[in-house]
Protein chains: 2
Amino acid sequence: MNIGQAAKASGVSAKMIRYYEETGLIPAAGRTASGYRDYSDTDVHMLRFIRRARDLGFAVAEISELLGLWRDESRQSAEVKRLAQGHIAALKKKIADLQDMEQTLTMLVNSCQGDHRPHCPILQRLETDREDENLSIQPRAGAIPRPLQ
Amino acid sequence: MNIGQAAKASGVSAKMIRYYEETGLIPAAGRTASGYRDYSDTDVHMLRFIRRARDLGFAVAEISELLGLWRDESRQSAEVKRLAQGHIAALKKKIADLQDMEQTLTMLVNSCQGDHRPHCPILQRLETDREDENLSIQPRAGAIPRPLQ
DNA sequence: TATTGACCTTCCCATGGTTGGAAGCCCCAC
DNA sequence: GTGGGGCTTCCAACCATGGGAAGGTCAATA
């Protein structure tokens, strides 16, 4: 099987297969007489393993460890579990960071009239960095009608 | 004020200040007779704006737009709001993706005994990609004591 | 005044994972 | 045998950031 077929079968692009080989994540593929890389079903199996681990957000270095454990018949499942738990912790941290951003930004967006006027609490907040500025109690558009200016 | 002082005052590293200048996010700073970059309080103000926007996860290209609106006295707050809402949507998507990963991985971790034995549903799942494999109902370690093997 | 140490300048490199493209060779079908 | 598509390698780019080298500058101190 050449690299294009292996790519299709595994869901890993040919470019990435070469990259994984170059960086040592996977062993160098065999070659045909004319220099084409040659892949077995086992190779494709491994590539699929890699793709699934990537889909779960594992970094290539982590996948390298996972592959080692996968191949090691005498592995201890505790090791795999530890690796996965570490990754879960990293995911949780990323999620928390993004949620903080989202929350702050949502608060700002809610406090912004979003009309034709230039006044904008979002820009104001980027300018002044006042966390405690009570943006959320600003009246929503139309809540308490008052004349513009 | 030289670049080091501007960096300290703004929270943007000197490296990044030069980078932002090079890529056109900020105008080229003035220079002293000896070639040192020279920053005003206004410049520092702008740099702080940039850092805060970065802290909220805005990409540099988005910040470029935000800066334009910031400087534009006749902007419409609706534009800023639209930009921020777009960014919130992107954040939400990222969060959802990461939560999917976390959830799947947590399920796998919970189904893994994590002991000295090699059997490991995490690796199994990476191998077989069976989403519907009912991993979660596997007995937890010690739930129903039975001899190893 | 001379030295020293901390700062500035530019330039290049690395990160991580992925994609794009160019130039040249190979394989298969017609 | 010819054409089109796939293979090979190599180089570059993305994004934001940090590291470091080589050389000039500033300010304080001996």
Side-chain angles (χ1 to χ4, degrees), chain A residues 1-26 28-40 43-44 47-67 87 90-91 93-94 97-98 101, chain B residues 1-26 28-40 43-44 47-67 87 90-91 93-94 97-98 101:
Chain A
M1 197 183 329
N2 67 28
I3 200 171
Q5 293 164 320
K8 201 164 292 179
S10 66
V12 179
S13 74
K15 283 267 184 194
M16 290 313 298
I17 296 176
R18 294 194 195 98
Y19 171 76
Y20 291 150
E21 177 181 320
E22 188 198 331
T23 57
L25 179 63
I26 59 177
R31 298 286 182 136
T32 65
S34 59
Y36 282 22
R37 284 176 182 79
D38 191 43
Y39 295 92
S40 66
D43 294 328
V44 170
L47 288 169
R48 244 185 308 221
F49 180 99
I50 292 171
R51 187 182 55 70
R52 283 177 205 128
R54 290 288 303 140
D55 287 348
L56 288 175
F58 282 98
V60 170
E62 292 168 322
I63 296 177
S64 187
E65 288 191 71
L66 285 173
L67 279 175
H87 185 46
L91 286 172
K93 168 138 185 23
K94 256 187 221 166
D97 288 349
L98 293 175
M101 293 179 193
Chain B
M1 197 183 327
N2 67 28
I3 200 171
Q5 293 165 319
K8 201 163 291 179
S10 66
V12 180
S13 74
K15 282 268 182 193
M16 290 313 297
I17 296 176
R18 294 194 196 97
Y19 170 75
Y20 291 150
E21 177 181 322
E22 188 199 331
T23 57
L25 178 63
I26 59 178
R31 300 286 181 134
T32 66
S34 58
Y36 281 21
R37 284 176 182 79
D38 191 42
Y39 295 92
S40 66
D43 293 329
V44 170
L47 288 169
R48 244 186 307 223
F49 180 100
I50 292 171
R51 187 184 54 72
R52 284 179 205 126
R54 290 288 304 140
D55 287 349
L56 289 175
F58 283 97
V60 170
E62 291 167 322
I63 297 177
S64 186
E65 288 191 71
L66 285 173
L67 279 175
H87 185 46
L91 286 172
K93 167 136 186 27
K94 256 186 221 168
D97 287 349
L98 292 175
M101 292 181 194

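Below, chains carry the letters A, B, ... as their sequence lines are ordered, and counting in each starts from 1.
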_Rounded to whole Å, how long is the line connecting atom CE of B:Met16 with atom C1' of D:dG19?_
14 Å
*Counting distance only, does the side-chain N/O of A:Arg54 pair as donor-acceptor with the main-chain N or O of A:Phe58 below 3.5 Å?*
yes
*Given atom CD of B:Glu21 and atom P of D:dT17, what is their separation to the nearest angstrom?*
16 Å
*Give A:Ala14 one of three labels, base, sugar-phosphate or nothing, depending on what nucleic acid heavy atoms sit under 4.0 Å from its own.*
nothing
*asked:* Are the side chains of B:Tyr39 and B:Ile17 in contact, using a 4.5 Å heavy-atom criterion?
replied: yes
_So for B:Tyr36 and D:dG24, does any side-chain atom that can act as donor or acceptor lie under 3.5 Å from a complementary atom in the base?_
yes
*Measure the distance from CG on A:Leu47 to P on C:dT18 and round it to the nearest whole Å.*
12 Å
*Kindly indicate whether the side chain of A:Met1, heavy atoms from C-beta on, has any atom under 4.5 Å from the side chain of A:Val44.*
yes
*asked:* Whether A:Ser34 contacts C:dC27 is assessed here as follows: a side-chain N or O lying under 4.0 Å from the phosphate OP1 or OP2. Is that the case?
replied: yes
*Can you find a side chain N or O atom of B:Tyr20 that sits less than 4.0 Å from OP1 or OP2 on D:dT17?*
yes
*Any A:Met16 side-chain heavy atom under 4.5 Å of A:Arg51 side chain*: no
*Look at the side chain of B:Ala59 and decide which nucleotide, out of C:dG17, D:dC7, D:dA16, has an atom nearest to it.*
D:dA16
*Separation of A:Arg54 atom CZ from C:dT19 atom C1', in whole Å?*
14 Å
*asked:* Starting the side chain at C-beta, find the nucleotide from C:dT9, C:dT19, C:dC7 nearest to B:Arg31.
replied: C:dT9
*Looking only at side-chain N and O atoms, does B:Ser13 come under 4.0 Å of OP1 or OP2 in D:dT17?*
no
*Would you tell me if any nitrogen or oxygen in the side chain of A:Arg18 comes within less than 4.0 Å of OP1 or OP2 on C:dG17?*
no
*Figure out the OH/P separation between B:Tyr19 and C:dC11, and round it to whole Å.*
17 Å
*Can you tell me the distance, in whole Å, between the CZ atom of B:Arg51 and the P atom of D:dA16?*
16 Å
*Calculate the interatomic distance between A:Asn2 atom CG and D:dG5 atom P; express it in whole Å.*
16 Å
*For the pair B:Glu62 (side chain) and B:Ala59 (backbone), establish whether a donor and an acceptor sit closer than 3.5 Å, ignoring hydrogens and angles.*
yes
*Length of the line joining B:Arg37:CZ and D:dT25:C1', which is rounded to integer Å*: 15 Å
*Kindly say whether, by distance alone, the side chain of A:Lys15 makes a donor-acceptor pair under 3.5 Å with the base of C:dG17?*
no
